[in-house]
Amino acid sequence: HEKCMRVIPEIDTPGHAVSMIAAYPFLSCFNRKLAVATSWGVKHDVLCVGKESTFDFMEGVFDELCEVFTDGVIHLGGDETPTTRWKICPHCQKRMKDEGLKDESELHTYYLQRLSAYLEKKGIEARMWNDRKKERMVASSVAWQLWNGDMNENEAAEEINKGRKFIISDVNHYYLDLPYGHVNLKSVYEYDPVFKGVKKENEKNIIGIEACLWTEFVPDIKKAHYCTYPRLGAISETAWTNKENRNYTRFCENLGTYYRLLHYFGIEGATVKEANPKGLRKLLSRVYWERRKLCWDGLHNIIDNYTVTKK
């Protein structure tokens, strides 16, 4: 409060939970003994939504979290949750039958809705990464952080107009770990986080934007600075300046002062030319990044999933 900041923790479940399962195998569908994941990407082993013990565990985690973080907001995560385990898990299938859920996507909603309701009873505001638009969604009291194309801008605008709060973290404009060949400075500056379909009186439901710097492939602070600046300056001006007052040419003309400030603090960002790569430089930047996706659903992950699903 003294620094006018709120600290919002995120415990991302039911996916991205291999470390939890490694420590507590009973949280998985089949009590698998796993090693903590050391590679980037989505894993098939997620929390079992069919077992009550999973909810007992997560409620205990949140109880402790609320004691440590007292700013009244907790991020549930909720993104990138494969349902391959749930499809063959007797516990999850029974839960679906008992709750009248038609598919595993609705089971995912059930999990997030149940935990968000638990937090709200404690007076805590719940947030999560955006889900896709579907018949059964979490309550509109849960703010969504829009990051990927599971929900397009028209669908997001519809939810915003209905009263759901949104944080805009569009992967194609606000993910600072992506190379400049994917997300260049000009595209960052010219992106408008207020979608066309949002009514003027509902713009207040867009409560902010967030630029994300994921560090799986950012080995040191020098690389972090290079990825972050000057894109963060462009994103900040996007957030704090009315659209009619934004001008990319003027922004670039003023970057000299911005770079002097960065240099004063020992920060070396990308040059404007590096931040707007063209031709071969742009192509190589994209190719170099795409090779990393081999980790996303790598050979071990594919074989492991095949082994489990064929048992």
Side-chain contact test, heavy atoms from C-beta onward, threshold under 4.5 Å: evaluate it for [X] versus [Y] and give yes or no.
X: W147; Y: C212; value: no
X: Y258; Y: C252; value: no
X: P14; Y: W86; value: yes
X: D177; Y: F217; value: no

Who passes salt bridge (Lys or Arg N to Asp or Glu O under 4.0 Å) against K33, sequence neighbours left out?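 If we apply the salt bridge (Lys or Arg N to Asp or Glu O under 4.0 Å) test to K33, skipping adjacent residues, there are no hits.
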For [X], side-chain contact (heavy atoms from CB on, under 4.5 Å) partners two or more places apart:
X: F69; result: V7, P9, L65
X: S19; result: V36
X: A239; result: I209

Under a single-linkage definition using a 4.5 Å side-chain heavy-atom cutoff for Ile, Leu, Val, Met, Phe, Trp and Tyr, are L255 and Y229 assigned to the same hydrophobic cluster?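 In one cluster: yes.
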Ring-face cation of R95 near Y111 (centre distance under 6.0 Å, axis angle within 45°):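 No - R95 does not lie over the ring of Y111 by the 6.0 Å and 45° rule.
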Using the six-membered ring of Y248, assess whether NZ or CZ of K186 lies under 6.0 Å from its centre and within 45 degrees of the ring axis.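 Satisfied, under 6.0 Å and within 45°.
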Under the salt bridge (Lys or Arg N to Asp or Glu O under 4.0 Å) rule, what do E99 and R136 come out as? Steps first, then yes or no, please. CA-CA 12 Å; E99 298 294 335; R136 185 189 292 256; over 6 Å; no
Please test K122 against C66 for side chain to side chain contact (heavy atoms under 4.5 Å, CB included), starting from the C-alpha separation and ending with a verdict. CA-CA 9 Å; K122 295 170 68 69; C66 291; 3.8 Å; yes
When Ile, Leu, Val, Met, Phe, Trp and Tyr are grouped by side-chain heavy atoms lying under 4.5 Å apart, directly or through other members, which residues fall in the same group as Y288?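 Hydrophobic cluster check, Y288: no partners found.
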Check this for me, if you would: do K87 and E104 make a salt bridge, where the nitrogen-to-carboxylate-oxygen distance has to be below 4.0 angstrom?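 Yes, K87 and E104 are salt-bridged.
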Under the salt bridge (charged side-chain N to carboxylate O under 4.0 Å, His left out) definition, can you give me all pairs with a residue in residues 275-286, not counting sequence neighbours?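 Counting only pairs at least two positions apart or across chains, no salt bridge (charged side-chain N to carboxylate O under 4.0 Å, His left out) contact touches residues 275-286.
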So how far is it from N148 CG to N130 CG, rounded to the nearest 0.5 Å?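 Between N148 CG and N130 CG, I get 5.0 Å after rounding to 0.5 Å.
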Check whether the side chains of R114 and Y110 place a donor and an acceptor atom closer than 3.5 Å, and report yes or no.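 Yes - a donor-acceptor pair under 3.5 Å links their side chains.
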May I ask you to check whether F62 and Y118 place their ring centers less than 6.0 Å from one another?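 Distance test on ring centres: not under 6.0 Å, no.
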